[in-house]
Amino acid sequence: MSSTTKTTTPIPLSSKRAGRFDPKAKTACIRTFGCQMNVHDSDRIRRMIQDAGYAEVQRYEDADLVILNTCYVRENAVDRVKGHLGELNRLRREGRVKRVALTGCIGAAEESAALRQTYEIDLVLGTHNTYELAEFVGLPTMQETYTPELPGTEGGHNAFVTIMTGCNYQCSYCIVPTVRGRMVCRPMESVIGEVENLVAGGTGYITLLGQTVDAWRHEGKRFCDLLEAVSESAPRVWFTTSHPSNMEDRTLNAIGERDTIVKRLHLPVQSGSDRMLKVMHRGYKAEKYRRKIEVFREAAPDGTLSTDIIVGHPGETEEDHEQTLRLVEDCAFDSAYIFKFSPRRGTEAASLPETVPDAVVQRRFLEVLRQVEQNAFTRNQRKVGGEEEIYIRHGSTEDGKAIGETWSGHAVHVNTDAAPGTYVKARIESAGPHVLYAGETGTRA
Ligand code: 5AD
Ligand code: SF4
């Protein structure tokens, strides 16, 4: 939590078919940068390369084909990808990697043409034409299958299900509407069908995905209808990301009332200042956000709340920053992703004149971080001593600790050899600002 980047680690192998390295087989390595949408898109890419007869490998030097599935949201994400492209160029010159493909949000941005030239990338695809990868890897040309209709990899203990793509907002700083396009909602029957298939195949945890999932609408149905239906079909459900303007009290109440929904809400606020929220075109005031949080806390007092905050957006004054600190204190977030403003070419904020000096941005970043961590630590302390049912997300490593999640959405380190996808019961023995620590497991739930 509380960093300038979100999920940036390479994704683990999630497919049954991803085999060990066989020097004679065609091999491909997929690296994922960015958000959960990208992780999910990589699952689709993985299916394609497997259908084309590639074995998935983890290291660039073992791969005939390397696919970088990328993020464009902040400049540091682009810098990281450039580092990887440089290394791949070297490996290709040494004959160790044959082909390189760049997909995802950088691929959809104008800058990709220059990158393609500089790094001699073989194939560049955006977010709307990923299906063209099929031809590149030797599959028959597909019609556009890269729509929310195309399910991800089956067989995992947890799975992402895309319910909508794109975004209809135009936040001043955000490149997403440019690279992902306008909102397209997937029909309810199609979502439920996929969920039912996944659950029948053994998946125990479904995460509904989209840029603004709570904006989902289809044939008179709203997001809460969809969430309720999914919560009846799946044993464990979560959703991300939401927009405060779309978040309905009904949904917040459903989180509290429904046993199968994890009591964890990610609701990006971005700023606590009404002036900045207006400049950012967020479409709500801080007071409205506070009220939503009150409803959530009432519906799920034990639940966890996380948010996204941008510090140093052009025009942000000391008074604006103070208001963000106040909102952080009032909402007592359990965690937050704090981002330093990063100008993205083509967004409104990139050409705003009143930039905030780096040193000021850094100070504000640390002040928000400190405030978030204090609150999170205090709230986590309240969990100490209680017994929790814990869903195991990642099995134990050499130190015997597995990583799990409580129904309240807290991350827990727990001493158990239980397999991912199973539940254990354990007592919380201590807590830090980011994670709870449980002792030996008692019973398997
Ligand atoms: N600079 C900094 N942070 C950004 N985000 C999106 N665009 C930018 C940008 N240009 C953050 C927002 C969003 C999260 C996914 O990334 O907080 O909610
Ligand atoms: Fe970007 Fe705003 Fe859409 Fe979120 S709601 S994806 S921040 S434009």
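Read the numbers this way: they start at 1 and go in the same order the structure lists the ligands and their atoms.
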Y423 vs W407 aromatic rings, parallel, tilted or perpendicular, using cut-offs 30° and 60°?
-> parallel
Can H434 and N380 be counted as having a side-chain donor-acceptor contact under 3.5 angstrom?
-> no
Does the distance from a Lys or Arg side-chain N to an Asp or Glu carboxylate O, for D43 and R46, drop under 4.0 Å?
-> yes
Keeping the roles fixed (side chain from S172, backbone from E348), state whether a donor-acceptor pair exists under 3.5 Å.
-> no
Can you list the ligand 1 atoms lying under 4.0 Å from a non-hydrogen atom of F341?
-> 1 (N), 2 (C)
Which residue and heavy atom of the protein sit nearest atom 4 (Fe) of ligand 2, plus the separation = R282 NH1, 4.3 Å
Donor-acceptor pair, T304 side chain versus S408 backbone, under 3.5 Å?
-> yes
Protein contact of atom 7 (S) of ligand 2 - nearest heavy atom, named by residue and atom, plus distance | Y173 OH, 3.4 Å
From C171, does some N, O or S atom reach closer than 2.8 Å to atom 2 (Fe) of ligand 2?
-> yes
In terms of side-chain geometry, is the basic nitrogen of D249 or R291 positioned less than 4.0 Å from the acidic oxygen of its partner?
-> yes
protein heavy-atom neighbour closest to atom 3 (Fe) of ligand 2 works out as C167 SG, 2.2 Å
Salt bridge (Lys or Arg N to Asp or Glu O under 4.0 Å) between R297 and D334, worked out = CA-CA 12 Å; R297 293 293 197 201; D334 296 275; 3.3 Å; yes
To which protein heavy atom is atom 1 (Fe) of ligand 2 closest, and what is the distance rounded to 0.1 Å?
-> C174 SG, 2.3 Å
Check whether any N or O atom of Q270, backbone or side chain, sits under 3.5 Å from an N or O atom of ligand 1, and answer yes or no.
-> yes
Work out whether the distance between some heavy atom of K340 and some atom of ligand 1 is less than 4.0 Å.
-> yes
Pick one of side chain, backbone, both or neither for how I310 approaches ligand 1, counting any non-hydrogen atom pair under 4.0 Å.
-> side chain
Using a heavy-atom cut-off of under 4.0 Å, does the side chain or the backbone of P268 touch ligand 2, or both, or neither?
-> neither
Proximal atoms of ligand 1 relative to S342 (non-hydrogen, under 4.0 Å) = 1 (N), 2 (C), 9 (C), 10 (N)
Under a 4.0 Å heavy-atom limit, does F339 contact ligand 1 with its side chain, its backbone, both, or neither?
-> side chain
Atom CD of E110 with >12 non-hydrogen neighbours under 6.0 angstrom = no
Residue P177 vicinity, atoms of ligand 2 by number, heavy atom under 4.0 Å = 8 (S)
